[in-house]
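Before any comments, here is the structure.
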Amino acid sequence: MLFKHKFLNLNLGLVKENFVIVKKSDKNIWKARGFKPIRKYPIFRYKPNRFDIIMLGVPSNIEEFGTEMLKYSQIIDVCPCCGTYGMGGPGFWGLKVQGEYGTRWLTYCIWSAGEHILFDDSVLECHPNYAEKYKPLIAFDNYSNSLSKLKDLLADMTIKEVLLSKESIEIILVDCHEKLHYIKSYKHSEKFPEQGGTGRKRNSFETGEMKDYWLITYDETHLKV
């Protein structure tokens with residue numbers, strides 16, 4: 001029965017489930033990763049064909065995975081639209097990283113996460129109404145090109161260290177020229193822009209700690225809110 005699957009409604013910060021759609025022939029690979037099959041899962045009214053299967057797992061938060069484990073990981077991709085609620089996305093921000101553990105996604109799981117991430121003290125995104133004030137790295141009127149530039153900038157950077165507290169995170173990166181760069185977020189910061197709808201600033205999260213909102217997932221899997 002649907003309600004008996006132990007990986008439903010995980011309540012990891014905003015995240016309810018971590019699912020993957022795979023070939024039945026790969027079922028044992030995903031079982032070894034801790035995933036379990038589910039017969040009926042209400043996503044996009046999707047029904048697997050006879051060759052596929054849906055499986056659910058449990059992501060680790062950044063502390064459980066280990067900040068030391070992330071050291072020397074290489075960034076190989078960036079995604080500004082991770083996560084789904086079935087009809088759209090919450091705007092989670094993900095870094096695809098590679099290390100001795102293989103390939104994973106390190107994802108900041110808050111609504112419109114790009115508005116609450118600073119790269120070298122510049123906010124990644126903001127509502128067009130506040131672009132003049134905050135000068136985001138990803139411009140609303142030139143989204144594709146500015147996102148591509150950021151991806152190129154981050155590509156091949158290496159994580160040097162991760163500094164984590166209850167209300168903040170600092171990911172220290174080093175580029176090919178040995179120059180340091182910084183990805184930062186806080187529960188609250190005046191450097192974060194106002195919301196487009198309300199015209200007011202908001203906290204990145206209200207309950208829990210920063211670690212609860214940075215999840216590590218296997219590549220090819222999806223986070224559902």
Quiz item: Does the pair Lys133 and Glu194 meet the rule for a salt bridge (Lys or Arg N to Asp or Glu O under 4.0 Å), with working shown?
Solution: CA-CA 10 Å; Lys133 179 179 179 180; Glu194 293 81 0; 3.1 Å; yes
Practice problem: Could you state whether Leu12 and Tyr41 fall into the same hydrophobic cluster, counting links through intermediate Ile, Leu, Val, Met, Phe, Trp or Tyr residues with side-chain heavy atoms under 4.5 angstrom apart? | Solution: yes
Quiz item: Counting only heavy atoms not in Lys149, do more than 12 sit closer than 6.0 Å to its NZ atom?
Solution: no
Exercise. Please report the shortest heavy-atom distance between Ile110 and Ser204, naming the atom on each side.
Key: CG2-O, 3.5 Å
Quiz item: Heavy atoms, side chains only, cut-off 4.5 Å: are Asn18 and Val58 in contact?
Solution: no
Quiz item: Are the side chain of His5 and the backbone N or O of Pro37 linked by a donor-acceptor pair below 3.5 Å?
Solution: yes
Quiz item: In the hydrophobic clustering (ILVMFWY, side-chain contacts below 4.5 Å, transitive), which residues join Ile76, or is it alone?
Solution: none
Exercise. Mark yes or no for whether Ser148, through its side chain, and Asn145, through its backbone, hold a donor-acceptor pair below 3.5 Å.
Key: no
Self-check item: Distance-only side-chain donor-acceptor flag, Thr103 / Gln98, under 3.5 Å
Solution: yes
Quiz item: Just by modelled atom types, is the Lys191 backbone N or O under 3.5 Å from a matching donor or acceptor in the Ser189 side chain?
Solution: yes
Self-check item: Residues that Pro128 engages under side-chain contact (heavy atoms from CB on, under 4.5 Å), provided they are two or more places apart
Solution: Phe140
Quiz item: Hey, does Leu10 have a side-chain heavy atom less than 4.5 Å from the side chain of Pro59?
Solution: yes
Quiz item: After noting the C-alpha distance and the side-chain angles of Val15 and Leu215, does the key distance pass the side-chain contact (heavy atoms from CB on, under 4.5 Å) rule?
Solution: CA-CA 9 Å; Val15 171; Leu215 299 184; 3.7 Å; yes
Self-check item: Minimum-distance pair of heavy atoms, taken over all atoms of Lys184 and Asp121
Solution: NZ-OD1, 4.2 Å
Quiz prompt | pair Ile171-Leu106: side-chain heavy atoms closer than 4.5 Å | solution = yes
Quiz item: Are Phe7 and Met55 connected, step by step, through hydrophobic side chains (Ile, Leu, Val, Met, Phe, Trp, Tyr) whose heavy atoms are closer than 4.5 Å?
Solution: no
Exercise. Please round to the nearest 0.5 Å and tell me the distance separating atom CE of Met69 and atom CD of Glu64.
Key: 12.5 Å
Self-check item: side chain to side chain donor-acceptor pair (under 3.5 Å) partners of Ser165, counting only residues at least two apart
Solution: Ser168
Practice problem: Check the hydrophobic clustering (I, L, V, M, F, W, Y; side-chain heavy atoms under 4.5 Å; chains of links allowed) and say if Leu164 and Ile117 are grouped together. | Solution: yes
Practice problem: Verify ring pair (Phe, Tyr, Trp, His ring centres under 6.0 Å) between Trp93 and Tyr108, making sure each step is shown before the conclusion. | Solution: CA-CA 5 Å; Trp93 258 83; Tyr108 194 17; over 10 Å; no
Quiz prompt | Partners passing salt bridge (Lys or Arg N to Asp or Glu O under 4.0 Å) against Lys71 (at least two apart in sequence or in another chain) | solution = Glu68
Self-check item: Results of side-chain contact (heavy atoms from CB on, under 4.5 Å) for Cys79 - residues two or more places apart only
Solution: Cys81, Cys82, Trp105
Quiz item: By side-chain contact (heavy atoms from CB on, under 4.5 Å), which residues pair with Asp141, not counting sequence neighbours?
Solution: Ala139
Practice problem: Step by step, work out the side-chain contact (heavy atoms from CB on, under 4.5 Å) result for Lys201 and Glu190. | Solution: CA-CA 8 Å; Lys201 294 178 182 288; Glu190 286 303 315; 3.1 Å; yes
Quiz item: Do Leu56 and Lys36 come within less than 4.5 Å of each other through their side chains, counting heavy atoms only?
Solution: no
Quiz item: Can you find a heavy atom in the side chain of Tyr143 that is under 4.5 Å from one in the side chain of Pro80?
Solution: yes
Quiz item: Looking at OG of Ser185 and CZ of Phe119, how far apart are the two atoms once the value is rounded to the nearest 0.5 Å?
Solution: 14.5 Å
Self-check item: Under 3.5 Å: donor-acceptor pair, side chain of Ser146, backbone of Asn142
Solution: yes
Quiz item: Are Leu147 and Leu153 connected, step by step, through hydrophobic side chains (Ile, Leu, Val, Met, Phe, Trp, Tyr) whose heavy atoms are closer than 4.5 Å?
Solution: yes
Quiz item: What closest approach, in Å, do Asn61 and Glu63 show between heavy atoms, and which atom pair accounts for it?
Solution: OD1-N, 2.9 Å
Self-check item: Check ion pair Lys96-Asp219 (N to O, under 4.0 angstrom)
Solution: yes
Quiz item: Taking side chain as C-beta onward, heavy atoms only, is Ile172 less than 4.5 Å from Leu163?
Solution: yes
Exercise. With side-chain contact (heavy atoms from CB on, under 4.5 Å) as the test, would you mind laying out the steps for Ile62 and Val162 before giving the verdict?
Key: CA-CA 10 Å; Ile62 192 170; Val162 179; 4.0 Å; yes
Quiz prompt | Considering all heavy atoms, the nearest Glu167-Phe205 contact | solution = CA-CZ, 4.4 Å
Practice problem: Can you establish whether the number of heavy atoms outside Lys211 located under 6.0 Å from its atom NZ is more than 12? | Solution: yes
Quiz item: Is there a side-chain contact (heavy atoms from CB on, under 4.5 Å) between Val22 and Ile53 once you walk through the steps?
Solution: CA-CA 6 Å; Val22 297; Ile53 187 171; 3.6 Å; yes
Exercise. Apply ring pair (Phe, Tyr, Trp, His ring centres under 6.0 Å) to His222 and list each qualifying residue two or more places apart in sequence or on a separate chain.
Key: Phe19
Quiz item: Who passes salt bridge (Lys or Arg N to Asp or Glu O under 4.0 Å) against Asp175, sequence neighbours left out?
Solution: none
Quiz item: Looking only at heavy atoms, which two atoms of Ile138 and Leu150 are closest? And how far apart?
Solution: CD1-CD2, 4.0 Å
Quiz item: In chain order, what residues pass the side-chain contact (heavy atoms from CB on, under 4.5 Å) check against Ile29, with sequence neighbours excluded?
Solution: Asp26, Arg33
Quiz item: When rounded to the nearest 0.5 angstrom, what is the spacing between CZ in Arg202 and NZ in Lys187?
Solution: 13.0 Å
Quiz prompt | Apart from Tyr72 itself, residues in the same hydrophobic cluster as defined by side-chain heavy atoms under 4.5 Å | solution = none
Quiz prompt | Beyond-backbone contact of Lys16 with Asn11, side-chain heavy atoms, under 4.5 angstrom | solution = yes
Quiz item: Is it the case that one hydrophobic cluster holds both Val174 and Val78, taking links as side-chain heavy atoms less than 4.5 Å apart, direct or via other members?
Solution: no
Exercise. Return each pair, listed once, that meets ring-ring contact (aromatic ring centres under 6.0 Å, His included) where at least one residue sits in residues 47-68; pairs must be two or more places apart or across chains.
Key: Phe65-Tyr101
Exercise. For the pair Lys23 and Asp52, find out whether any cationic side-chain nitrogen is under 4.0 Å from an anionic carboxylate oxygen.
Key: yes
Practice problem: Would you tell me whether Glu125 and His127 have side-chain atoms, one donor and one acceptor, within less than 3.5 Å of each other? | Solution: no
Exercise. Flag the pair Ile183 / Leu95 as yes when at least one side-chain heavy-atom distance between them is below 4.5 Å, and no otherwise.
Key: yes
Quiz item: If you take all heavy atoms of Asp156 and Gln74, which pair is closest and at what distance?
Solution: OD1-NE2, 2.8 Å
Exercise. First locate atom CD of Glu100, then atom OG of Ser73, and finally report the distance between them rounded to the nearest 0.5 Å.
Key: 9.0 Å
Quiz item: Is there a donor-acceptor contact under 3.5 Å from the side chain of Asp120 to the main chain of Tyr182?
Solution: yes
Quiz item: Hydrophobic cluster mates of Tyr186, side-chain heavy atoms under 4.5 angstrom, ILVMFWY only, any path?
Solution: Leu118, Val123, Tyr130, Tyr134, Phe192
